[in-house]
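The structure presented is a predicted model; accordingly, all values stated were derived computationally and were not measured.
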Amino acid sequence: MKVITNEIVFRGHPDKLADQISDKILMEYLKQDKNSIVNIEVVGGEGIVFVTGEVFATTHIDIQKTIKDVLADVRCCTEAVVVDEVDKKSLKELKYKNKEESVVVYGYACNETEKLLPKGMIILQEIAKEYEKLRKQDERFLSDGKVKMEAVYNDNDELVKINSFIINHQNTENDVSGINEKMSELIYRITSKYGVEVEDLQLNPYGSYLMGGFDRDTGLTGRKLDIDSYQKFAPSCVNTLSGKDPRLPSRNGVYKAREIAKWALKEYNLKWCEIQINYKSNTNDKPPIAIIINSERGLLETPSHLYEECIPTNIVEDLKLLNEDFVSLSSYGHIQK
């Protein structure tokens, strides 16, 4: 037996706001022109949203409006001041450089749930999604918050029980007793669905939580890498995903590695499967130099066809990444399917 602590944050958490804004800018550029090259970073705090980076495009979007649209949708920090320092260039100015830094990405799948993801990870994602529905139905619930889960796992990495949930969420009331009943119902409905016992549930144990988002704390794109990937159940890449060009292996390789893990799990009838893909450089036209398939049976032979499939341009086409809803992914974690 072992105890693992995991967390997820809600859409109004400052780091997740930064992720969503970064990906919304990316999506708006791709919607306008699929050839746009976007590399965006966002930092927010003290009522200010600062966006920087570099974009190559035929025409440029209204970044201030795009940011305001995200904040309005999340209903958080809508009066924030936007400082746009993005270096906007035309596609004609783009000069590809051979970036020789190596890239390593990981994928994971297990047979603990129908989604082929760890049960603890699914529970956390569902809590965040159900909270989003709740706050849209009941105006007392606001968009910022965090769930910290301490859980017990057996030697097969299967969830046995949840020792504790500590949930802090933004709300409109100084007296939180009136809203705890709805939160308790939400938590127990999800954990009961997966047959998991919760020993201790603490709701806003520190009292009122009236201020959230960038008004409460600083947020930065890519600071929640564990949430964005496998919640510590498997290795995570070290590269920021949100706001980054999906044609590069540092981003598209993450999604492809997950697809390969799901394929291998079923193909070889495995309990779990971990994929590691190594690229020599962060360019969009080269196959990986290594694809490693690990499992409870040890290392498995890698089929040769996977190398061609893992050329970044092929990944983008196969997974239709230029039409992906990246804001949905950056809201709850990039590994959801």
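Looking at every heavy atom in both residues, I311 comes nearest to P288 through N-CD, 4.5 Å. In plain terms, the two heavy atoms of Y106 and C237 that are nearest each other are CD1-N, 4.2 Å. When all heavy atoms of S281 and P249 are compared, the closest pair comes out as O-CG, 3.9 Å. When all heavy atoms are compared, the tightest approach of Y230 to I335 is CE2-CG2, 3.6 Å. In terms of heavy atoms, L142 sits closest to Y131 at O-OH, 2.5 Å. When every heavy atom of V316 is checked against every heavy atom of R247, the shortest pair comes out as CG2-CA, 3.7 Å.
Electrostatic pairing of D23 and R251 counts as a salt bridge here, judged by a charged N lying under 4.0 Å from a carboxylate O. Salt-bridge annotation for E259 and K262: present, with a side-chain N of the basic residue lying under 4.0 Å from a carboxylate O of the acidic one. Note on E54 versus K89: salt bridge recorded, some NZ/NE/NH1/NH2 to OD/OE distance being below 4.0 Å. The pair K224-D19 fails the salt-bridge criterion, with no side-chain N (NZ, NE, NH1 or NH2) lying under 4.0 Å from an Asp/Glu carboxylate O. K271 has no carboxylate O lying under 4.0 Å from a charged side-chain N of D157, or vice versa, which leaves the two without a salt bridge. Salt-bridge formation is detected for the pair E132/R135: a Lys NZ or Arg NE/NH1/NH2 atom is positioned less than 4.0 Å from an Asp or Glu carboxylate oxygen. Contact check on K244 versus E41 returns a salt bridge, with a Lys/Arg side-chain nitrogen under 4.0 Å from an Asp/Glu carboxylate oxygen. By the 4.0 Å N-to-carboxylate-O rule, D228 lies close enough to K16 to be salt-bridged with it.
With values rounded to the nearest 0.5 angstrom, N171 atom CG is found 11.5 Å from S143 atom OG. From C310, atom SG reaches atom CD1 of I289 across 13.0 Å, with rounding to the nearest 0.5 Å. Atom CG of residue L201 and atom CZ of residue F165 lie 8.0 Å apart, to the nearest 0.5 angstrom. With values rounded to the nearest 0.5 angstrom, M121 atom CE is found 10.5 Å from D226 atom CG. To the nearest 0.5 angstrom, K133 atom NZ is 15.5 Å from F141 atom CZ.
Applying side-chain contact (heavy atoms from CB on, under 4.5 Å) to I167 and the options N180, N204, I187, L186 leaves one that passes, I187. Partner of Q20 under the side-chain contact (heavy atoms from CB on, under 4.5 Å) criterion, out of L329, D73, L71, V70: V70 alone.
Atom CD of E317 is surrounded by 12 or fewer heavy atoms from other residues, nucleotides or ligands within 6.0 Å. No more than 12 heavy atoms of other residues, nucleotides or ligands sit less than 6.0 Å from atom CD of E46. Heavy atoms from other residues, nucleotides or ligands lying under 6.0 Å from NZ of K34 number more than 12. Summarising the local packing, CG of D155 is surrounded by 12 or fewer heavy atoms from other residues, nucleotides or ligands at distances under 6.0 Å. In the displayed structure, K266 atom NZ is contacted under 6.0 Å by at most 12 heavy atoms of other residues, nucleotides or ligands. The neighbour count for E93 CD, taken as heavy atoms of other residues, nucleotides or ligands under 6.0 Å away, is above 12.
The aromatic rings of Y108 and W272 sit parallel to each other, their planes meeting at less than 30°, with 60° as the upper class boundary.
The side-chain heavy atoms of I25 and I63, taken from C-beta on, include a pair separated by under 4.5 Å. Taking 4.5 Å as the limit, some side-chain heavy atom of L159 sits within range of a side-chain heavy atom of E112.
Under the 3.5 Å distance criterion, with hydrogens and angles disregarded, no donor-acceptor pair is assigned to the side chains of N168 and K148. Side-chain atoms of Q336 and K129 form a donor-acceptor pair, as typed in the model, at a separation below 3.5 Å. A donor atom on one side chain and an acceptor atom on the other are not found under 3.5 Å apart for E324 and Y255. Looking at T172 and E139, their side chains never bring a donor and an acceptor atom within 3.5 Å of each other.
Note on residues 277-304: no pairs pass ring pair (Phe, Tyr, Trp, His ring centres under 6.0 Å), not counting sequence neighbours.
Both cation-pi conditions hold for R216 and Y209: the charged atom is under 6.0 angstrom from the six-membered ring centre and inside a 45 degree cone around its axis.
Note on Y188 and V152: separate hydrophobic clusters, where clusters join Ile, Leu, Val, Met, Phe, Trp and Tyr whose side-chain heavy atoms are under 4.5 Å apart, directly or indirectly.
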Apply salt bridge (charged side-chain N to carboxylate O under 4.0 Å, His left out) to E185 and K182, showing your working. CA-CA 5 Å; E185 189 278 330; K182 280 195 174 183; over 6 Å; no
